[in-house]
Amino acid sequence: MAAQLPKLTLRSFLGSIARILAGRPQVPPALAGNELLKIIYNRRSLRKFAQRPLPDDVFAAILEAGRLAPSTVNLQTWSFAAFTRESWQAVFGRSIPFKAARAVIVLGDVHRNRAVLDTFPHSPLVEYTIAVTNASLAAMNMNIAAEALGVASCMLAETGRSGLLDAGYLKEKLSLPGGVFPLMTIVFGYPAAAYGPLPPRLPLEEVCFTDGAYHETSPAVLKDWIAQMSAGYKASFPFSSLAAQLRVYQSKITQAEEDLNRMIYK
Ligand SMILES: Cc1cc2nc3c(=O)[nH]c(=O)nc-3n(C[C@H](O)[C@H](O)[C@H](O)COP(=O)(O)O)c2cc1C
């Protein structure tokens, strides 16, 4: 992965940053005032939270959005481990990542259904995919509900040993039975900083094909996107790099793969 990243020169860095700053949600003018679209389009992953506490009823409303998410055959293949600052400290011995006020570890859960249904005895990949799909939808529902309530959030797969790359660690910490596996932690809190620019998105015409045949993204578009990703990462984290972050992921992948196999199928 990391070996394919382009070298960042000052010129390419500045050019990429200019293109990132020019990035905007593409909203048809007639719909620009729609409140829900504004919430969805303006959402960002925030990594700086105010120390102000998050009221219980606000957090309850966010969790309720997770519970009401759609799921395959309404199987609700998820569990949510919800934390306050205090309960996170008690379980993990440290603060919630980015000193957020609350956290939810979103878990794919086929354990509960296996107790009453025998739908997927020979199709573990389908069972796993369904669980991941449904739990991810619940995660996004919580994320959008938070945003609507003025609460910022960030989903974490790696940061703070809080997601699927630390599956074995979380299994032990949370006493997870077989068939329950972590996907991500979502941290929530009131923002302590303004939202940054939109991280680079591929153009819609590159990810959406309309003529019934898969559209290959051109190498030039991919090169430009990776250049923006590298520059954006450097601008946000001057003492790190996208390559370094990808190396962190790579260093954890083998163990995570082993842990997840053990957790889901045994
Ligand atoms: C499943 C998932 C896992 C993520 N894991 C991390 C993480 O471990 N650390 C982090 O800082 N951001 C993490 N992010 C946030 C992404 O970096 C972010 O969504 C992406 O850069 C786009 O930015 P935006 O959410 O502000 O639009 C994660 C996002 C998702 C959806």
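Just follow the structure's listing: the first ligand is 1, and inside any ligand the first atom is 1.
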*Using only heavy-atom distances, determine whether the side chains of Asn143 and Glu147 contain a donor-acceptor pair under 3.5 Å.*
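Note: Asn143 and Glu147 side chains miss the donor-acceptor criterion.
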*Do the ring planes of Phe92 and Tyr169 sit parallel (below 30°), tilted (30 to 60°) or perpendicular (above 60°)?*
tilted
*Could you tell me how the ring of Trp78 sits relative to the ring of Phe80: parallel (under 30°), tilted (30 to 60°) or perpendicular (over 60°)?*
parallel
*Measure from NZ or CZ of Arg52 to the centre of the six-membered ring of Tyr190, then state whether that distance is under 6.0 Å and the direction lies within 45° of the axis.*
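Pair Arg52/Tyr190 counts as cation-pi.
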*Near ligand 1, at a heavy-atom separation below 4.0 Å: residues by chain and residue number*: Arg43, Arg44, Ser45, Arg47, Cys154, Met155, Leu156, Ala157, Glu158, Thr159, Pro199, Arg201, Tyr249
*Give a yes or no on whether the backbone of Leu75 and the side-chain of Ser71 come within a donor-acceptor separation of less than 3.5 Å.*
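Between the backbone of Leu75 and the side chain of Ser71 there is a qualifying donor-acceptor contact (under 3.5 Å).
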Mind listing the side-chain donor-acceptor pairs of residues 54-63 below 3.5 Å, one per line with the distance, residues two or more places apart or on another chain?
residue : atom : partner : partner atom : Å
Asp56   : OD1  : Arg102  : NH1          : 3.4
Asp56   : OD1  : Arg102  : NH2          : 2.7

